[in-house]
Amino acid sequence: MENELVEQRKEKIKELRSLGIDPFQNNFKPTHEADNVLSTYANHSEEDLKNHSHEFSLAGRLITLRDFGKTIFFHIMDRTGKIQGYIRKDVIGDEKLGFFKKFIDIGDFIGIKGNLFKTKTGELTINIKDFKLITKSLYPLPEKWHGLKDVETRYRKRYLDLISNPEVKEIFLKRTRIIRLIREFLNERGFIEVETPILNTIAGGALAKPFKTYHNALDLELYLRIAPELYLKRLVVGGFERVYELGRTFRNEGVSTQHNPEFTIMELYQSYATYEDLMELVEELICYAGEAILGALEFDYQGMMIDMSRPWKRINLIESIKSKLAEDILGRDELLFKKAASLGIAHKGIRGKALTGIFERLVGDGIVDPTFVLGFPTDISPLARKNDLNPDITDRFELYIAGREVANAFSELNDPIDQKERFLRQLDLKSKGEEEIHEMDEDFIGALEQGMPPTAGAGIGIDRLVMLLTNSPSIREVILFPHLRPE
RNA sequence: GAGCCGUUAGCUCAGGCUGGUAGAGCAUCUGCCUUUUAAGCAGAGGGUCGCAGGUUCGAGUCCUGCACGGCUCACCA
C-alpha cells in the first residue's frame, strides 16, 4: 500500500499531464549556479543590486519552503550550494503563484529566473520573475531540522543522506580530492597509472581469503583480487620502473568499522628505491594530501590529537615489544607462543604471526602520531626482501597512525630462487592448517626469472586514510555504498 | 562467529521499568498571513509499534525465536 504523501504527488502528476505540462522536463538550461552567484555579489550593496538589472537563471532541488500567502520564500540546492528564492504575487502574478502553491512540493527540481536583491536580514535572494517545474519528486525529504539520522537508512539510501546531511556530502567530496591529490603527487614523480586484472586465477599479493567466482565460457574458477601486487611487479619487469594502481580490492573476511569486503588500495612500485626511500615518499605523499585537506599537519581524530609533522617516528617491531615485556620471551618459541595465546592471538605456530599479534596488542594500538614500524618477520612477509644482516626479518615497514595500519611497504624480493622457496614454505604452512598463506605463483616466478630491477613497493589503504583525514569513526562513513545484508 | 544495545507515522523521537484500544515536533491536507529562514496562528488526516510465536480476559509494553542495523571483541587492511 502506497502512503498518502506519495498518492497526493502522483495525483499532481496526473493533473499536470492533463494540463499539457510534462512533470519530467529536459529543457531547462540554467545560466548560473548558487555558490557563484552568492560569492560574486556578497559585497554588493542593496543599491548596487537595484541598479544591476541582470537576470539570473538557476536550477536545483527545492529543499525548504515558507509560504506567506501572497509571498513565498524557498531555498533551492544545486551542486554548488543553496540559494534563496522569493516569490511575490505582485511580481509574478496570480496565475503563477497559484500554480506554485498547487503543484510545487519540497523535493521537486525547479528552474528559476529573476533578479538578485538582499532581504532585510541581508541574504542574497532571487526575486522570482518566472519558474518552471523540471522534475517532480514523489517522496518527501527527511526532516528539515534533524535530517536523516537512522544509520541503516543513511547507508541503504545514500542519496537521501547526501541530500539532507551536508557534512556527509563534504566527506565524499574530500575523498575525491584526496584521491586526486594522490594521483597528482605520483604523476608528478613519473609514476605511470595502470589497471591490472581484478579476476585472478591465483589470488596473490597478500595473505587473505579471496572471493570466488566462475567464468562460464572458460569453465574456470576465478578469484577477485586481494592485492594488485604481483601484476604490478610483472610490469616492473616489463620496464615500468615507476608504476601504481589505485583501485578496488576484495577480501572475504569479517566486516567492522575498519573493514569492508571491498576496499580501495593504492599500490606503487619504484625501481632502484628501497623501503627506506619509500618511508620518505609515503611521508611526503600523506602530508601532501593531509595538508591540502586539513590545512595543517596537526589535527583531531576522534578525540586524539595527531601530529603529522615530519620526520615521522621509526620503531623496531621486536625492540618495541621487548620494551613492553618484563621478561625476554623472544628467545624461546614456546614462551613467545604462550604469551601470544594469553593475549588471545591465533598464531597457529607461526612465529611471525605471534610477534606481530603481540606487537599490535601491546604497541600498535597505542600509536597516535604517524610511526613507521620496521623489522617484520620473514615468515609472514613472503614477498619482501630479506634484511642483509638478519635473514629472519625483511626490509619492510608498516605505517601506523591512530592505532591503525595505514600503509605497508617493503623492498621487493627479486631473487626468483628465494621467491620460490618462500612460496614453498607457505605451502608447508598450509599443510599444517594455516588458511591464510600465499599460494604458489609459478608465472610470477617466471617473471622474476626474467629479471626485476631492485624495487620497493608500498600499499596505502585509501579508505583508512580518508577516515583519518575526515575524522570519520567508521569505514562505512567514507564508502558511499558500504556492504550491508539485503533487507 | 560471540556479547551488549536498538527497530513505534515519510523524518526526528516520547511511551516500555509498573500490560488496559497509540503520542509530540517536522512533513502532508484545509483556512489566514506581501521580507521569512526550525516563519506564525487555527483545524484535519496519517500507525499490521521490525517479523513470528508464547504468557494473559487484554501485549507497543512481559517471555522465546528470527530478521536487519549499531557498538565491542576475534581475523584482517
Side-chain angles (χ1 to χ4, degrees), chain A residues 1-9 11-12 46 63-75 82 84-92 97 101-102 105-107 117-123 125 127 137-157 160 163-165 205-209 226-227 249-267 343-348 353 356-357 360-361 380 398-400 404-408 435-436 459-465 467 473-476 482 484-487:
Chain A
M1 199 194 99
E2 206 89 71
N3 85 53
E4 63 164 326
L5 300 167
V6 177
E7 283 305 327
Q8 283 161 359
R9 295 192 181 196
E11 235 2 87
K12 290 182 186 178
E46 216 161 326
I63 53 165
T64 61
L65 184 64
R66 293 171 295 281
D67 181 353
F68 288 80
K70 294 183 183 66
T71 62
I72 298 171
F73 283 95
F74 62 84
H75 280 94
K82 54 187 182 176
Q84 183 166 254
Y86 175 54
I87 296 179
R88 286 176 70 98
K89 186 178 165 181
D90 55 12
V91 170
I92 204 174
L97 181 71
K101 289 190 176 206
K102 183 162 186 191
D105 291 300
I106 291 174
F117 76 106
K118 259 185 190 161
T119 63
K120 263 191 201 164
T121 52
E123 180 168 351
T125 300
N127 189 11
S137 163
L138 290 181
Y139 209 77
L141 249 27
E143 217 247 12
K144 64 180 171 191
W145 186 244
H146 298 94
L148 179 65
K149 286 233 171 67
D150 183 81
V151 178
E152 189 173 351
T153 311
R154 286 186 44 230
Y155 296 158
R156 289 194 197 278
K157 300 190 176 179
L160 286 180
I163 293 167
S164 63
N165 299 318
L207 310 180
K209 294 186 199 98
I226 56 174
T249 301
F250 309 82
R251 297 194 186 171
N252 206 341
E253 285 155 359
V255 299
S256 75
T257 50
Q258 322 289 325
H259 303 87
N260 196 61
E262 48 184 296
F263 63 102
T264 301
I265 200 169
M266 189 285 290
E267 280 195 12
L343 289 168
I345 294 154
H347 54 76
K348 306 229 175 99
K353 258 194 139 165
T356 50
E360 277 170 33
R361 200 63 50 81
I380 52 152
E398 284 192 354
L399 170 65
Y400 275 74
R404 291 188 198 133
E405 188 196 330
V406 174
N408 176 25
E435 285 177 67
E436 281 173 12
I460 296 180
I462 298 300
D463 311 275
R464 288 187 178 177
L465 181 62
M467 283 170 72
S474 163
I475 198 168
R476 295 181 199 102
L484 296 177
R485 282 197 165 87
E487 278 179 290

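To find a chain, count down the sequence lines: A is the first, B the second, and so on, and within it residues start at 1.
With rounding to whole Å, A:F117 atom CZ is found 11 Å from B:rU34 atom C1'. Rounded to whole angstrom, the span from the CG atom of A:L97 across to the P atom of B:rC33 amounts to 12 Å. Taking atom CH2 of A:W145 as the reference point, atom P of B:rU36 lies 17 Å away to the nearest angstrom. Atom CG of A:D105 and atom P of B:rG10 are 17 Å apart (whole Å). Rounded to an integer number of Å, the gap from CG of A:D150 to P of B:rG10 is 13 Å. Straight-line distance from the CD1 atom of A:I63 to the C1' atom of B:rG10: 18 Å, rounded to whole Å. Rounded to an integer number of Å, the gap from CG of A:L160 to P of B:rC26 is 21 Å.
With hydrogens and angles ignored, no donor-acceptor pair under 3.5 angstrom links the side chain of A:E4 to the base of B:rG46. For A:E143 and B:rG25, a side-chain-to-base donor-acceptor distance below 3.5 Å is present, hydrogens and geometry of angles not being considered.
RNA chain B is contacted by both A:T119 and A:P486; A:T119 maps to the nucleotide lying nearer its 5′ end (nearest heavy atom per residue).
The ring of A:F73 lies on top of the base of B:rU36, close enough and flat enough: under 5.5 Å between centres, under 30° between planes.
As the counterpart of B:rU28, B:rA44 is assigned, both hydrogen-bonding distances of the Watson-Crick or G-U wobble pattern falling under 3.5 Å. When both distances must be under 3.5 Å, the Watson-Crick or G-U wobble mate of B:rA9 does not exist.
Heavy atoms from other residues, nucleotides or ligands lying under 6.0 Å from NZ of A:K348 number more than 12.
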